Amino acid sequence: MLFPRAVLPSLLHLTPEWLRARGLKGVVLDLDNTLLPYGEEALPPAHEAWLLGLREAVPVYLLSNALPERFARIQKRLGLPGHAPALKPWLGFRKALKALGLPAREVAVVGDQVFTDVLGGNLVGAYTVLVPPLREREFFYTRFIRMLETPFRRPRGGSA
């Protein structure tokens with residue numbers, strides 16, 4: 001349950017071609033430290049271009065544990081469906097799948113944390129993809145959790 005199906009060196013490696021090759025037709029995407037650096041509201045230019053290309057190819061749903069006001073500002077700017085706080089890993093994923101209108105096996109859940117994004121995606125049967133965090137600056141709690149995640153930061157059945 002804690003190992004991702006894939007580990008990518010960067011979010012930018014998740015392309016429409018990569019998704020198609022795995023039979024994936026939609027993406028549930030984490031916000032903080034996955035799509036944009038923790039604590040910021042503007043996407044890095046490379047991520048903005050990446051997101052534009054991705055959303056032309058497949059539906060994208062934002063799922064975050066961020067504060068609702070901040071999430072709403074970012075969501076409005078990006079024009080993507082989504083919700084927060086999602087209470088990952090236990091809640092939120094089924095709502096995201098329903099909104100995408102796709103079975104879990106056809107959806108990539110993409111995030112930077114094992115105990116929220118990967119665990120939650122695996123619990124619903126999605127194809128989980130782990131990417132490295134964009135920024136090291138995080139809550140103390142998140143830094144502590146990342147230490148506990150270290151053994152699981154490799155693909156299921158393989159090495160990183």
Side-chain angles (χ1 to χ4, degrees), residues 1-38 43-44 46-66 68 70-72 74-134 142 145-146 149 151-160:
M1 279 286 125
L2 294 174
F3 288 100
R5 291 280 301 273
V7 176
L8 297 179
S10 161
L11 180 64
L12 304 179
H13 285 81
L14 187 106
T15 63
E17 297 77 25
W18 189 92
L19 293 166
R20 270 194 296 279
R22 289 154 184 82
L24 301 169
K25 299 175 182 170
V27 172
V28 173
L29 185 61
D30 176 50
L31 190 61
D32 284 311
N33 258 348
T34 298
L35 183 58
L36 53 84
Y38 171 76
L43 270 66
H47 284 201
E48 196 165 338
W50 168 85
L51 183 60
L52 181 62
L54 185 70
R55 68 190 293 182
E56 289 175 357
V58 298
V60 177
Y61 189 93
L62 293 177
L63 190 65
S64 177
N65 284 343
R70 179 174 167 272
F71 179 83
I74 296 166
Q75 180 189 23
K76 182 178 179 185
R77 189 175 316 118
L78 297 177
L80 289 171
H83 73 277
L87 304 176
K88 295 184 287 182
W90 311 114
L91 302 174
F93 289 95
R94 292 196 193 289
K95 182 176 180 179
L97 293 172
K98 185 175 181 180
L100 289 172
L102 294 167
R105 70 182 178 282
E106 294 179 359
V107 174
V109 169
V110 184
D112 66 300
Q113 292 189 57
V114 171
F115 296 144
T116 56
D117 307 308
V118 172
L119 177 57
N122 283 339
L123 286 171
V124 297
Y127 190 107
T128 51
V129 181
L130 186 66
V131 296
L134 291 174
T142 306
I145 292 298
R146 285 205 195 278
E149 291 179 346
F152 307 104
R153 296 190 72 80
R154 59 184 174 82
R156 185 180 315 152
S159 61

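Note that the structure is predicted; figures quoted are calculated from it, not measured.
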Give every residue pair that meets the salt bridge (charged side-chain N to carboxylate O under 4.0 Å, His left out) criterion with at least one member in [range], sequence neighbours excluded.
range            : result
residues 76-87   : E41-R77
residues 2-20    : E17-R20
residues 95-106  : K25-E106
residues 114-131 : K88-D117

Next item on the list: Begin from the C-alpha positions of L80 and L51 and carry the test side-chain contact (heavy atoms from CB on, under 4.5 Å) through to its verdict.
Entry: CA-CA 10 Å; L80 289 171; L51 183 60; 3.9 Å; yes

Check: For R55, what residues pass the salt bridge (charged side-chain N to carboxylate O under 4.0 Å, His left out) criterion, not counting sequence neighbours?
Finding: none

Check: Does E56 have any salt bridge (charged side-chain N to carboxylate O under 4.0 Å, His left out) partners at least two apart in sequence or in another chain, and if so, which?
Finding: none

Checklist line | Donor-acceptor under 3.5 Å (Q75 side chain, L62 main chain) | finding: no

Apply side chain to side chain donor-acceptor pair (under 3.5 Å) to [X] and list each qualifying residue two or more places apart in sequence or on a separate chain.
X    : result
R94  : none
S64  : none
N122 : T128, R156

Taking the side chain as everything from C-beta on, heavy atoms only, tell me whether [X] gets closer than 4.5 Å to [Y].
X    : Y    : result
L119 : W90  : yes
D30  : T116 : no
L24  : V58  : no
L2   : V118 : no

Once you round to the nearest 0.5 Å, how far does [atom1] of [X] lie from [atom2] of [Y]?
X   : Y    : atom1 : atom2 : answer
L11 : W50  : CG    : CH2   : 3.5 Å
L43 : L35  : CG    : CG    : 4.0 Å
N65 : L63  : CG    : CG    : 7.5 Å
L97 : L102 : CG    : CG    : 8.0 Å
L78 : L36  : CG    : CG    : 7.5 Å
D32 : R70  : CG    : CZ    : 4.0 Å

Next item on the list: Report the residues that fulfil side-chain contact (heavy atoms from CB on, under 4.5 Å) with L87, sequence neighbours left out, ordered by chain and then residue number.
Entry: L91

Next item on the list: Identify, with sequence neighbours excluded, every residue that meets ring pair (Phe, Tyr, Trp, His ring centres under 6.0 Å) alongside Y61.
Entry: H83

Checklist line | Residues forming a ring pair (Phe, Tyr, Trp, His ring centres under 6.0 Å) with Y127, sequence neighbours excluded | finding: W18

Next item on the list: Indicate the atoms forming the closest heavy-atom contact of A126 with V109, along with that distance.
Entry: CB-CG2, 3.5 Å

Notebook entry, point to check: Closest approach of P85 and P68, non-hydrogen atoms and distance?
Noted result: CD-CG, 3.8 Å

Note to self: Let's go through D112 and L134 carefully: what are the C-alpha distance in whole Å and the side-chain angles of both, what is the deciding distance for side-chain contact (heavy atoms from CB on, under 4.5 Å) to 0.1 Å, and is it a yes or a no?
What the structure shows: CA-CA 8 Å; D112 66 300; L134 291 174; over 6 Å; no

